[in-house]
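The structure appears right after this line, and notes come after that.
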Amino acid sequence: MKMVTAVIRPEMFDSVRAALEADGIYGMTVSEVMGRGAQKGIALRFRGKVMPVELIPKVKIEMVVPAADVDKVVRIVLENCRTGRPGDGRIFVLPVESICRVRTGQIDQADP
Amino acid sequence: MKMVTAVIRPEMFDSVRAALEADGIYGMTVSEVMGRGAQKGIALRFRGKVMPVELIPKVKIEMVVPAADVDKVVRIVLENCRTGRPGDGRIFVLPVESICRVRTGQIDQADP
Amino acid sequence: MKMVTAVIRPEMFDSVRAALEADGIYGMTVSEVMGRGAQKGIALRFRGKVMPVELIPKVKIEMVVPAADVDKVVRIVLENCRTGRPGDGRIFVLPVESICRVRTGQIDQADP
Amino acid sequence: MIDTGATAFILICTAMVMLMTPGVGLFYGGLVRRKNFISMLALAFIAFALVSIQWVVCGYSLAFGTDINGLIGGLEYAFLQGVGMEGDGIPDLLFMAFQMVFAGLTLAIVTSGVAERIKISSFVVFGLLWTTLVYDPLAHWAWGGGWAAQLGALDFAGGTVVHISSGFSALALALVIGKRLGFGSHGMEPNNIPMVLLGGALLWFGWFGFNAGSALTADGLAANAFVATNIAAAAGALSWLCAAWVRGRPGSIGIISGAIAGLVAITPAAGFVTPMAAIPIGAAAGLVCYGALFFRVKRGLDESLDAWAIHGMGGIFGALATGVFAVAAIGGVDGLLYGNPGQFLIQLVDVAVVVAYSFGATYIIAKVVDAVMGLRVTEEEEYVGLDIAQHGESVRV
Amino acid sequence: MIDTGATAFILICTAMVMLMTPGVGLFYGGLVRRKNFISMLALAFIAFALVSIQWVVCGYSLAFGTDINGLIGGLEYAFLQGVGMEGDGIPDLLFMAFQMVFAGLTLAIVTSGVAERIKISSFVVFGLLWTTLVYDPLAHWAWGGGWAAQLGALDFAGGTVVHISSGFSALALALVIGKRLGFGSHGMEPNNIPMVLLGGALLWFGWFGFNAGSALTADGLAANAFVATNIAAAAGALSWLCAAWVRGRPGSIGIISGAIAGLVAITPAAGFVTPMAAIPIGAAAGLVCYGALFFRVKRGLDESLDAWAIHGMGGIFGALATGVFAVAAIGGVDGLLYGNPGQFLIQLVDVAVVVAYSFGATYIIAKVVDAVMGLRVTEEEEYVGLDIAQHGESVRV
Amino acid sequence: MIDTGATAFILICTAMVMLMTPGVGLFYGGLVRRKNFISMLALAFIAFALVSIQWVVCGYSLAFGTDINGLIGGLEYAFLQGVGMEGDGIPDLLFMAFQMVFAGLTLAIVTSGVAERIKISSFVVFGLLWTTLVYDPLAHWAWGGGWAAQLGALDFAGGTVVHISSGFSALALALVIGKRLGFGSHGMEPNNIPMVLLGGALLWFGWFGFNAGSALTADGLAANAFVATNIAAAAGALSWLCAAWVRGRPGSIGIISGAIAGLVAITPAAGFVTPMAAIPIGAAAGLVCYGALFFRVKRGLDESLDAWAIHGMGGIFGALATGVFAVAAIGGVDGLLYGNPGQFLIQLVDVAVVVAYSFGATYIIAKVVDAVMGLRVTEEEEYVGLDIAQHGESVRV
Ligand SMILES: Nc1ncnc2c1ncn2[C@@H]1O[C@H](COP(=O)(O)OP(=O)(O)O)[C@@H](O)[C@H]1O
Ligand SMILES: Nc1ncnc2c1ncn2[C@@H]1O[C@H](COP(=O)(O)OP(=O)(O)O)[C@@H](O)[C@H]1O
Ligand SMILES: Nc1ncnc2c1ncn2[C@@H]1O[C@H](COP(=O)(O)OP(=O)(O)O)[C@@H](O)[C@H]1O
């Protein structure tokens with residue numbers, strides 16, 4: 001299992017949620033975060049001065065999926081969240097050792 | 001060391017917190033999140049129509065514990081958070097490479 | 001790549017942010033969390049009674065950085081967030097398998 | 001003859017009392033779990049809207065129509081027939097409106113008893129029945145020439161009609177609908193304390209209109225009621241603060257709860273007692289309600305927004321205190337302290353009947369509605385929260 | 001002669017209407033995305049401050065100065081010359097102030113059309129032009145002795161001047177400035193529904209000052225307007241609630257939107273119709289505006305805070321309903337229902353002209369400002385949100 | 001003889017001023033860090049409750065009792081003896097209440113100086129001492145027949161009594177209690193700007209009651225004060241906005257701070273100057289306070305909610321401006337601009353004495369309380385935040 005963590009623009013969330021669902025990815029945990037990118041935020045021109053904006057609201061989606069699905073999830077996020085402008089976000093993939101469904105207590109070990 | 005991440009019902013938080021403490025697990029970082037489960041949220045019947053609710057408030061608890069304690073933590077969460085109804089949540093276990101206590105600067109490498 | 005997760009006092013955030021930037025670490029995802037430490041929160045004396053405070057507001061910073069930079073990041077956080085009093089926080093380092101920049105779609109595999 | 005000063009005053013007081021309804025919504029909304037914040041606010045608005053229509057259709061007439069056996073008013077004012085722009089001091093329409101906002105507010109307080117678990121549809125039905133069968137008769141008894149008025153019971157601004165009735169009705173409702181899932185074991189912390197305090201501030205503000213406006217003109221009596229109101233609120237806030245301090249940390253919810261306890265207790269008394277009497281009344285009310293709250297918690301009753309403890313018990317205390325502290329120089333009637341124990345007895349009878357009637361009638365209405373259409377949402381809906389389940393909305397994290 | 005009762009009433013009503021402006025800010029601020037919450041509140045404050053100054057400099061005189069060809073007032077009251085502490089019933093200065101808060105509020109409603117994408121600097125310029133070239137003439141026509149008043153058009157408290165004008169101007173602005181980036185594809189959920197409801201509560205509260213205060217004294221007519229106002233709000237809330245219920249879950253935003261629809265519709269009518277007429281007027285307004293909202297959504301128009309649907313269409317409906325339900329016993333004029341179809345025609349003409357003028361003139365002003373300095377922020381700023389981009393501030397997660 | 005219009009007006013004004021106290025709480029609560037939001041609101045409520053009781057026990061008498069050497073009033077009205085329902089225009093009790101809400105508000109403003117670091121218990125003791133030893137004498141000097149009144153100093157609604165006193169007292173307190181831990185190095189951003197703006201809106205609203213109500217009747221003078229108040233607020237908001245714009249982005253906190261600066265400055269003047277004079281007064285006040293704020297920041301003073309910069313310096317400016325712009329046609333006294341430089345000198349003396357007394361006396365009281373019981377929480381409590389440490393409550397993330 002892997003945890004795919006996508007940090008994206010808040011307004012893209014609805015479409016990516018729908019797209020993931022259409023492709024069978026349901027489980028996700030979502031939180032609102034603030035982000036600073038490699039570009040140190042977006043530079044705004046204001047009355048002639050360029051002012052970097054430090055922290056910008058983002059949405060973080062965490063999805064634990066089988067290793068085999070990682071590419072699909074990444075692709076869907078890319079398709080739905082890319083504007084080509086700074087601030088589009090990042091996707092991180094982290095290893096997960098085991099996952100347990102609280103309702104049943106059933107534990108999935110990591111993929112072999 | 002492992003990071004045990006539990007996403008649970010908000011109302012269960014108090015009892016799981018107390019139970020963890022009773023068993024010597026103190027450190028935790030808690031955040032409020034929204035979640036969508038494998039069931040695409042809970043289906044509500046409303047005026048005859050079934051309406052899936054997409055995102056439901058959850059509490060996320062992150063606990064970094066020695067590998068040996070993972071089973072205990074998972075067990076305690078299971079015991080305190082299970083209602084048997086959809087929405088009970090998930091527990092993820094992720095590997096942690098090192099941990100540092102800011103107050104002392106002391107660094108624990110991962111378990112051998 | 002590694003994910004360095006620092007859970008720190010909210011008031012330290014500005015200085016650590018500036019210090020990281022000064023050392024070339026820009027990318028970060030920040031969220032507000034509640035934390036309980038190994039000391040079960042800070043014990044407050046109140047009208048003679050000692051009352052443990054369970055959950056205290058913290059800021060969580062997640063930074064995905066090349067493995068080579070981990071020590072630098074940890075050092076900067078330590079330098080800026082340490083007061084020596086309980087509640088200074090923790091730094092966790094987790095392995096990251098891959099990272100993708102949504103804007104370009106470019107994927108960095110984990111460090112070799 | 002219309003007096004412009006009196007009319008100006010009561011017009012504004014009516015608006016201020018209207019603002020108390022969203023104030024109650026914010027107050028309760030902040031106290032519940034976040035997943036039910038919108039629900040509590042929406043219930044307040046729904047209560048107010050329903051009663052606004054019910055009142056002009058029949059409620060006003062039931063309360064203030066010609067007395068029938070001391071029990072209820074006739075229907076001659078139904079649909080506002082004969083309620084016009086003329087009047088004695090203030091226009092009749094305005095008196096009607098001033099009474100309307102009281103009725104709306106009272107139903108909003110009652111939502112306390114079903115917080116986080118009521119179906120909207122059932123609340124609509126229950127609310128219409130309750131306001132017609134409980135509130136309207138009580139208003140008639142006290143202010144419309146009913147038996148309590150004939151007996152000489154004192155209720156300046158609604159200690160029995162508004163507070164005892166809403167408090168005990170909330171309790172009855174809570175018993176019928178049952179405890180929230182996980183009550184006692186799950187954490188159920190207030191989700192937004194600043195909104196509780198803001199809601200409380202709007203209540204305090206509106207209460208000036210509520211009590212001083214009950215003089216129905218802008219004169220010395222209104223000023224007396226105004227001052228007594230503020231003093232009681234302050235004394236209640238401070239006494240609850242102190243009580244909570246002794247037991248631990250003095251929370252801000254306690255401060256505002258104490259203020260509301262004081263405001264409730266002074267409500268029946270404000271036009272009958274001196275301003276200085278508001279200090280003991282308010283301070284004692286803070287302690288009485290603080291005690292009632294602990295009693296409720298100990299008994300494991302899930303009337304957790306404490307309409308019973310604060311409005312119900314505060315209302316009883318206030319109604320009795322009116323019978324103790326009333327002085328003829330202010331409102332024309334003396335109480336126990338000024339040598340008229342009879343007044344205290346009258347207050348006691350009034351309180352007893354109102355407690356019994358509002359608890360009993362509400363219990364029956366609630367049981368009937370529950371049997372017919374079910375008061376409560378499903379377990380799933382309750383877990384998800386009424387914001388999503390009933391309104392399809394949510395307060396974002 | 002100054003009447004202290006009337007003066008007291010209008011002083012307080014003026015303050016209450018002032019409070020509606022931040023009420024609008026909260027209402028809209030809660031409806032937009034979080035990154036623009038502060039921006040909506042700030043626009044409301046800026047609108048109010050700008051108009052406060054414009055009004056005493058020239059706006060009041062343009063609206064209420066000696067009539068010039070039925071179109072506009074003269075400049076004799078510029079800089080408040082001759083507007084003093086004396087007056088007829090209430091001081092002239094107070095009448096000026098009461099009108100000022102209306103003007104400020106109206107501009108705040110107009111911000112609906114440019115939500116989440118306007119440059120502050122352009123809003124300042126646009127706002128000054130709009131209030132001078134659109135609001136002031138409209139106020140003159142209806143209340144300053146202009147052609148509409150001469151024709152006998154009825155507008156008690158601003159159905160045309162405030163609501164049709166702000167609604168259609170918001171629509172024109174929205175068309176000129178264009179849709180928000182990602183409109184239709186990105187999620188744009190309200191960020192803070194409790195603040196929407198609180199803002200709505202402040203509007204409901206202030207509206208009593210708005211409508212009842214338009215009687216300009218504290219008498220039976222003010223009481224009539226007050227009661228009609230509350231009834232229409234309640235009826236609108238309930239009719240929208242029911243409509244939304246039939247289609248799915250009844251959201252709280254719908255409840256408050258329905259209340260506002262009812263309030264808008266009763267605004268021109270409150271001093272001309274009976275309180276009971278407010279039930280059909282309010283209830284129908286809820287349905288009309290609910291329908292208008294769906295029409296707007298279907299047409300893909302990004303006037304997403306719905307000033308057009310609620311204020312614009314609600315205003316049209318209310319102005320026409322005034323021509324239907326007016327009755328001489330209340331305001332001296334009969335409407336269609338009481339055998340005076342001519343009044344309905346007059347209302348129709350008034351509505352048509354005001355719709356055309358406010359839409360057309362606003363469209364032109366917006367185009368000009370856009371051409372000269374650009375109405376809209378850059379794409380980057382829009383993505384980041386106006387709170388950060390325009391104000392350098394943000395609402396923390 | 002009681003005038004119902006005047007009484008109606010002052011009753012409502014009193015309620016409006018009461019609402020300013022939670023308004024201050026919200027304003028300050030939004031400005032501090034989240035961990036102290038509840039604390040700031042609670043301090044406002046505690047301040048108001050304490051003063052409500054202190055005022056009826058002795059405060060009112062100290063301020064308005066028979067003058068003793070121009071310094072303080074006698075105790076004949078202690079416990080409201082002789083303060084009854086009769087009066088001249090308005091009931092004596094009402095005058096007392098109107099003055100009470102001023103006193104409560106003033107102490108709430110003073111909490112600015114100890115934000116995020118005061119012990120509740122010490123605040124209770126300090127507050128009682130401060131209101132008795134600082135506020136009550138100042139009120140006596142200006143309005144109770146003390147030396148300033150005898151000298152002819154003008155203070156319509158509390159420029160010296162309320163604003164200079166609270167601003168300079170907050171500064172003295174801030175100096176005694178010391179900077180917050182980490183001040184200057186740690187981030188200390190406002191936690192909830194919409195609540196700052198809502199609090200500011202309630203202040204603006206309540207200020208109409210504050211200033212216009214100070215006419216003590218509903219007449220032309222009240223209208224003059226009302227209009228001047230609104231104009232000054234608008235001018236202050238716009239001038240601060242412009243100043244901030246020149247230096248960078250115009251924040252919303254600046255807009256509302258400018259409005260409050262304008263409101264503070266017009267407070268002593270509202271009943272003595274023409275409405276048009278409120279434009280220069282308000283606009284200049286915005287700039288003066290903006291400058292004072294930067295001065296404060298540069299000096300590294302941790303009086304970070306800026307009661308000193310806005311209330312203190314705005315109050316000084318306003319008191320002097322009153323001496324400049326006063327005109328006999330409005331309030332019976334001419335100022336510098338109308339050929340009466342003496343009035344300006346009187347204002348100068350008044351300001352100087354009030355600044356010195358309020359700063360000095362507060363400094364001493366604070367030092368004494370600090371020595372006896374410690375003003376400040378422990379470092380641990382400060383890190384955790386007063387919400388948890390003092391109240392056991394918290395605003396959830
Ligand atoms: N190294 C990183 N570690 C953690 N989060 C990051 C990192 N880099 C970027 N992010 C997150 O991704 C978001 C978008 O990054 P940004 O650089 O602005 O966009 P883009 O990559 O499209 O230019 C940031 O706001 C931040 O939340
Ligand atoms: N694959 C997943 N990745 C991340 N979070 C998940 C995943 N599946 C479930 N969750 C989290 O767990 C919560 C509960 O899931 P749900 O399926 O509703 O409950 P249950 O497993 O009891 O049926 C979700 O709301 C979501 O926050
Ligand atoms: N084992 C843990 N797992 C996750 N988070 C932790 C853990 N221990 C501590 N934390 C986080 O670090 C914060 C500071 O911990 P604390 O023990 O109070 O400080 P210190 O280590 O300086 O004594 C906590 O509030 C919590 O958010």
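Proteins come first, then strands; the chains are lettered A, B, ... in the order of their sequence lines, and each starts at number 1.
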Check the pair C:Met34 / B:Met28 against side-chain contact (heavy atoms from CB on, under 4.5 Å), numbers first and verdict last. CA-CA 8 Å; C:Met34 304 289 283; B:Met28 57 170 62; over 6 Å; no
Checking C:Leu55 against B:Arg17 for the side-chain contact (heavy atoms from CB on, under 4.5 Å) test, could you report, in this order, the C-alpha distance in whole Å, the side-chain angles of both residues, the deciding distance, and whether it holds? CA-CA 10 Å; C:Leu55 286 166; B:Arg17 173 172 73 168; 3.4 Å; yes
Those residues of residues 75-84 of chain C that come under 4.5 Å of chain B on a heavy-atom basis, listed by number, are C:Leu78, C:Cys81, C:Arg82, C:Gly84
Distance from [X] atom [atom1] to [Y] atom [atom2], nearest 0.5 Å?
X: B:Thr104; Y: C:Asp88; atom1: OG1; atom2: CG; answer: 9.0 Å
X: B:Glu32; Y: C:Ser31; atom1: CD; atom2: OG; answer: 12.0 Å
X: C:Phe92; Y: B:Glu62; atom1: CZ; atom2: CD; answer: 8.0 Å

So for B:Met3, is it side chain, backbone, both, or neither that comes closer than 4.5 Å to the heavy atoms of chain C? side chain
Side-chain donor/acceptor of C:Arg36 to backbone N/O of B:Tyr26, under 3.5 Å: yes
For each of B:Val64, B:Leu94, B:Ile61, tally heavy-atom pairs with chain C at distances under 4.5 Å, and name the one with the top tally. B:Val64
For side-chain contact (heavy atoms from CB on, under 4.5 Å), just list the numbers for C:Val93 and B:Ile99, CA-CA rounded to whole Å, side-chain angles, deciding distance to a tenth of an Å, and then say yes or no. CA-CA 6 Å; C:Val93 182; B:Ile99 164 171; over 6 Å; no
Among residues at least two apart in sequence or on other chains, which ones pass side chain to side chain contact (heavy atoms under 4.5 Å, CB included) with C:Asp69? C:Ile25, C:Val65, C:Pro66, C:Lys72
Counting C-beta onward and ignoring hydrogens, is there a side-chain heavy-atom pair between B:Cys100 and C:Arg90 closer than 4.5 Å? no
Nearest non-hydrogen partners of B:Pro95 and C:Pro95, listed with the distance: O-CD, 3.3 Å
